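So that the names make sense, note that chain A is the first sequence line, chain B the second, and so on, each numbered from 1. Since we're looking at a predicted model, the values are computed, not measured. Every heavy atom of this structure was used, including side-chain atoms; hydrogens, water molecules and symmetry mates were not.
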Amino acid sequence: GQSLEQPSEVTAVEGAIVQINCTYQTSGFYGLSWYQQHDGGAPTFLSYNALDGLEETGRFSSFLSRSDSYGYLLLQELQMKDSASYFCAVRSPRGARQLTFGSGTQLTVLP
Amino acid sequence: DTGVSQDPRHKITKRGQNVTFRCDPISEHNRLYWYRQTLGQGPEFLTYFQNEAQLEKSRLLSDRFSAERPKGSFSTLEIQRTEQGDSAMYLCASSPAGDTYGYTFGSGTRLTVV
C-alpha cells in the first residue's frame, strides 16, 4: 500500500518562509502533488513533481527527491491568507489515476 | 468555465435512508473522481471515471455505494441504507488527460447521517 507522512501543524509569522515536508512509501511512484485547502473550502491544486528537483510557482515551490522518497512544499513571503491545510499526494500504483493523500498539515500564519 | 459544481451542498438524512449526490465537472475534462473526506484527514479515493466508463473503484467502497456517469458528462453518487459512519464531505473532482494536471475539486456535499 501507500503511506504519506507530513507534520500535523506548522506555525509561522507573516513574511516568513515555511517548509512543509512529506515522506512517502509506495511500491510504485508516479509523482508527488500538493494541494491547499482552506477551512470549509475545496482542495486546490498547487504543484506536481514527477522528477527530482525544485519546481517554482510564484511564492510557492515544491521539491522532490525520489531516492529519499521525500518532498517538500516551500512557501515564501507568507501571508495571512496562506493559513490553510496542505496535503501531499501520490498516485497509487494499484490504480493508474487515483491519488492517495496525506493527512494534511495545518499551517497557521500569525501577524 | 464555472468549475466543478456539486449539489446539494449539505444533506442531512436519517440512518437507513438512501441519498444521491450530483457532480457537474468542467466540461472539457474527461476524467472524474469521487473522494470522501472526514475532519482532519485527507481526501480518500472512492471511484474514478474516464468519460462514461468507471475504471477504478476503491476496495473500501461497500456495495451500498454506487456511482454513474451517463454520457460522460455529470456524475451521481448514491449511498443506500446510510449509516452514521457515512457522515463525511463527499468531494467530486475532474481533470483533463495528462499526468501534470491536477484535479479541480468541487466544494463538496456535506452528508450528516442522524
Side-chain angles (χ1 to χ4, degrees), chain A residues 1-9 20 22-24 26 28-51 53 55 57 60 62 64 73 84-108, chain B residues 2-7 9-10 21 23-26 29-51 53-61 67 69 88-110:
Chain A
Q2 304 78 48
S3 67
L4 298 99
E5 293 284 336
Q6 49 181 133
S8 59
E9 296 179 347
I20 299 174
C22 174
T23 57
Y24 58 87
T26 178
F29 181 75
Y30 299 86
L32 183 70
S33 301
W34 288 92
Y35 285 78
Q36 177 193 61
Q37 186 176 31
H38 288 98
D39 280 350
T44 302
F45 173 68
L46 293 177
S47 67
Y48 171 76
N49 295 68
L51 302 175
E55 296 279 345
T57 308
F60 293 3
S62 57
L64 175 65
L73 181 68
S85 291
Y86 293 83
F87 297 91
C88 57
V90 293
R91 180 157 303 137
S92 168
R94 189 175 298 278
R97 303 253 48 93
Q98 62 173 285
L99 286 178
T100 299
F101 285 80
S103 296
T105 298
Q106 177 67 52
L107 171 64
T108 302
Chain B
T2 57
V4 177
S5 300
Q6 292 190 245
D7 183 71
R9 290 295 308 275
H10 303 274
F21 311 140
C23 172
D24 287 273
I26 293 174
H29 291 180
N30 64 341
R31 295 174 175 172
L32 185 146
Y33 316 82
W34 284 98
Y35 278 77
R36 176 172 62 190
Q37 187 176 27
T38 54
L39 196 62
Q41 298 298 315
E44 175 187 44
F45 172 77
L46 294 178
T47 191
Y48 157 64
F49 289 85
Q50 182 163 309
N51 299 313
Q54 187 175 20
L55 298 183
E56 294 173 28
K57 193 173 177 181
S58 170
R59 292 179 303 170
L60 302 175
L61 207 64
R69 192 184 183 195
M89 177 71 83
Y90 289 84
L91 294 165
C92 176
S94 67
S95 72
D99 289 340
T100 60
Y101 299 103
Y103 295 176
T104 301
F105 279 91
S107 297
T109 294
R110 168 76 64 189

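Of the possible polar contacts, none joining the B:Tyr103 side chain to the A:Tyr35 backbone as a donor-acceptor pair under 3.5 Å is found. Between the side chain of A:Gln98 and the backbone N or O of B:Ser58, no donor-acceptor pair lies under 3.5 Å.
Between chain B and the residues A:Gly104, A:Ala50, A:Ala42, the most heavy-atom pairs under 4.5 angstrom are made by A:Ala42.
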Could you walk me through whether B:Gln41 and A:Phe87 pass the side chain to side chain contact (heavy atoms under 4.5 Å, CB included) check?
-> CA-CA 9 Å; B:Gln41 298 298 315; A:Phe87 297 91; over 6 Å; no
Determine, step by step, whether A:Phe101 and B:Phe45 satisfy the side chain to side chain contact (heavy atoms under 4.5 Å, CB included) criterion, reporting the C-alpha distance in whole Å, the side-chain angles of both residues, the deciding distance to 0.1 Å, and the verdict.
-> CA-CA 9 Å; A:Phe101 285 80; B:Phe45 172 77; over 6 Å; no
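Of the two parts of B:Tyr48, only the side chain, counted from C-beta on, holds a non-hydrogen atom closer than 4.5 Å to a non-hydrogen atom of chain A. Neither the backbone nor the side chain of A:Gln106 comes within contact range of chain B; no heavy atoms are under 4.5 Å apart. Contact annotation for B:Glu44: neither backbone nor side-chain heavy atoms come within less than 4.5 Å of a heavy atom of chain A.
Separation of the B:Phe105 and A:Phe45 ring centroids does not fall under the 6.0 Å cut-off.
Nearest approach of B:Pro43 to A:Pro43, heavy atoms of both residues: CG-CG, 4.3 Å.
Scanning for salt bridge (Lys or Arg N to Asp or Glu O under 4.0 Å) contacts around B:Arg110 gives an empty result, with sequence neighbours left out.
Considering only heavy atoms from C-beta on, B:Tyr33 stays 4.5 Å or farther from A:Leu99 through its side chain.
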